[in-house]
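Since the structure comes first, as structure tokens, the remarks are kept for the end.
All figures in this text were calculated on a predicted structure; none of them were measured in a lab.
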Amino acid sequence: MSPSNISRRRRLLTGGAVLGAAALIAGLAGAPAHAEESSPIRVTDGLIDTSERNALGLPQAEHAETVTIFEPGDDDLKFNHGTVLLPFKGKLYAQWQSSAQDEDSPDTIVTYSVSDDGDVWSEPIPLTEPRTDGYTSNGGLWTDGETLVAYLNVWPAALVPRGGYTLAVTSTDGVNWTDPQPVTDADGNPVLGIIEQDVRALPSGRILTAFHVQPGLQVKPYFTDDPLGLTGWTQGELENQPYLEDEMSRELEPSWFVQADGDIVMTFRDQGGSSMFKLASVSEDDGETWSRSVVTNIPDSRTKQSAGNLPDGTAFLVGSLTGTRDRFPLVVVLSADGETFDQGYALRDSNDLQPRRYEGRSKNLGYSYQKSIVWDEHLWVAYGTNKEDVEFTRIPVADLSLRDVPAAPTEAVAVGGGRSLQVSWAAPVDGGDAPITGYVVEAAAKSGATARVETATDATAAVLTDLKPGRYQVTVTAVNEYGAGAASDPSAWVTVTGRTH
């Protein structure tokens, strides 16, 4: 096995800056005429051009960088799929499933690799061994900060219809692991379902994902308040679209993000519909109940979902939004409110797709089964390229965030009085991506004394009172619903005398 730090391929892709929907000349081809008006999410007309096969009409992401974690050689396991990333105690962990050449074959194992910086990776380390009664696939990673959890999906060969259950192993050092144990529900019983590789925490701290439950593979949202994600899993209430009894549900392999108003949107691969568009469902109560899924106008490639939120709340959807079964190019679309996706990039276009080197069952070309994390000021998108190479693409969060805070106010002026300061300023030229909700005026004296006042939305003046005598400088900061912007340049020093007449 060749060292992955030698064989890895690394590319820095540069191109045009992100463009808004108005600047994109491509049209969204083939939008579903039956997409329901009540769909909770949509992509703006003109953002995606499914007839443009290289990049879907999207500009290349500036600063997008792709790194290969593992590239198999002739003596290695050549089928590699379902890459998931997670940081743990200062290191980055990657988990995926591997087999000699075929998807979901009996020799399939779960493996992982570790990196200090995301660039140089360890040799793959097996977490499981081949089974004689089925196979094991990767179920993703989770941590409470102290313990790393690796989920393992077990698919018994004798189970009809096809389905399985979830085990987990844990480690406090990322090296030594416990024996597998069942993942259990609120009653302490094993969850008879395949966990989705997308275990994440809601703003409340509750953990949310989905299981594909028996009989068959019927997707259901699940949540738990166990910080370790091993026990207490509770099925959310979701009425699935009609599907064949004891088969897989129409909704499959979801991901999720939070909208600006706090609602949760879960997006699904539409496995049983006649369209090639994403399905979406909404929860308004922290994942306990869900609306019936509806068809959106966002194209899909009938593959796993990758969605989430950036630190500023910007919602993202990552995938191959081709409207066909093609899993290339790899793109991201963005929304400030989590409802309308109106900006986007190509992370890897079709011309960047390397050739497949080895044959095998279900070894499709493309960037398959993306899953994403935010770490080290980047969005990291992991996937299996051609179900062969274990890779990720990362892009700075600053290049993606849409929820801008205001710029700095200007012309801050303070006039001293006996025990007060009269302050005025000019509103910032750029108010950010939401209306300014107010200003924070702060005064700092050379003695260390400070004072602060908050003003109404349209104010351009304020008074600071009851100040101690001294020399003060004043700064002003504008605030919108996404946070506080940069402070103004300090005013000139001004004296508060303390005299009242």
Candidate pair Asp198 and Thr209, rule side-chain hydrogen bond (donor to acceptor under 3.5 Å, both in side chains), full reasoning: CA-CA 6 Å; Asp198 212 0; Thr209 187; over 6 Å; no
Flag the pair [X] and [Y] as a salt bridge only when some basic side-chain nitrogen lies within less than 4.0 angstrom of an acidic carboxylate oxygen.
{"X": "Glu196", "Y": "Lys220", "result": "no"}
{"X": "Arg357", "Y": "Glu388", "result": "yes"}
{"X": "Arg53", "Y": "Asp349", "result": "no"}
{"X": "Glu251", "Y": "Arg269", "result": "no"}
{"X": "Glu103", "Y": "Lys363", "result": "no"}

- request: Check the angle between the aromatic planes of Phe341 and Phe257 and answer parallel, tilted or perpendicular using the 30° and 60° thresholds.
  value: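 Phe341 and Phe257: perpendicular rings.
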message: Students often mix this up, so state it plainly: with edges at 30° and 60°, are the rings of Tyr367 and Tyr383 parallel, tilted or perpendicular?
response: perpendicular
Flag, side chain of [X] to backbone of [Y], donor-acceptor distance under 3.5 Å:
{"X": "Trp256", "Y": "Ile264", "value": "no"}
{"X": "Asn297", "Y": "Val43", "value": "yes"}
{"X": "Arg302", "Y": "Asp270", "value": "yes"}
{"X": "Thr178", "Y": "Val169", "value": "no"}
{"X": "Ser335", "Y": "Thr340", "value": "yes"}
{"X": "Gln214", "Y": "Gly164", "value": "yes"}
{"X": "Glu52", "Y": "Gly57", "value": "yes"}
{"X": "Asp226", "Y": "Leu228", "value": "yes"}
{"X": "Thr68", "Y": "Phe70", "value": "no"}
{"X": "Gln218", "Y": "Gly216", "value": "no"}

Heavy-atom closest pair, residues [X] and [Y]:
{"X": "Ser204", "Y": "Asp286", "value": "OG-OD2, 2.7 Å"}
{"X": "Ser39", "Y": "Val294", "value": "CA-CG2, 3.7 Å"}
{"X": "Gln60", "Y": "Leu347", "value": "NE2-O, 3.5 Å"}
{"X": "Val381", "Y": "Ser372", "value": "CG2-OG, 3.7 Å"}
{"X": "Ala280", "Y": "Thr296", "value": "CB-CG2, 3.7 Å"}
{"X": "Leu85", "Y": "Ala382", "value": "CG-CB, 3.7 Å"}

- prompt: Hey, mind stepping through Lys78 and Glu71 against salt bridge (Lys or Arg N to Asp or Glu O under 4.0 Å) and telling me if it holds?
  reply: CA-CA 8 Å; Lys78 300 174 181 63; Glu71 179 180 311; over 6 Å; no
Crowding at [atom1], [X] (>12 non-hydrogen neighbours, <6.0 Å):
{"X": "Glu284", "atom1": "CD", "result": "no"}
{"X": "Gln181", "atom1": "CD", "result": "yes"}
{"X": "Arg361", "atom1": "CZ", "result": "yes"}

Under 3.5 Å side-chain donor-acceptor pair for [X] and [Y]:
{"X": "Ser350", "Y": "Asp352", "value": "no"}
{"X": "Ser115", "Y": "Asp117", "value": "yes"}
{"X": "Ser137", "Y": "Trp155", "value": "yes"}
{"X": "Trp96", "Y": "Ser98", "value": "yes"}

message: So that I know where these two stand, are Trp142 and Phe88 an aromatic pair - ring centroids less than 6.0 Å apart?
response: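 No: the rings miss the under 6.0 Å criterion.
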query: When rounded to the nearest 0.5 angstrom, what distance separates OG in Ser122 from OH in Tyr93?
result: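 So the OG of Ser122 and the OH of Tyr93 are separated by 9.0 Å.
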Separation between CG of Asn80 and NZ of Lys387, rounded to the nearest 0.5 Å: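 NZ of Lys387 is found 12.0 Å from CG of Asn80.
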- prompt: In chain order, what residues pass the side-chain contact (heavy atoms from CB on, under 4.5 Å) check against Thr234, with sequence neighbours excluded?
  reply: Ala186, Phe223
task: Tell me whether the guanidinium CZ or amine NZ of Lys304 lies under 6.0 angstrom from the six-membered ring centre of Tyr369 and within 45° of its axis.
output: yes
message: I'd like to check Val84 versus Asn138 (side-chain heavy atoms, cut-off strictly below 4.5 Å). Are they in contact?
response: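 SC-SC contact between Val84 and Asn138 confirmed.
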field: Candidate list Asn153, Ile195, Ile194, test side-chain contact (heavy atoms from CB on, under 4.5 Å), partner Phe211, passing option
entry: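 Exactly one candidate clears the test, Ile195.
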query: For Asp312 and Arg403, what are the C-alpha separation, side-chain angles and deciding distance, and is it a salt bridge (Lys or Arg N to Asp or Glu O under 4.0 Å)?
result: CA-CA 6 Å; Asp312 74 336; Arg403 295 183 177 183; 5.6 Å; no
field: Contact list for residues 160-185, test salt bridge (charged side-chain N to carboxylate O under 4.0 Å, His left out), sequence neighbours left out
entry: Asp104-Arg162
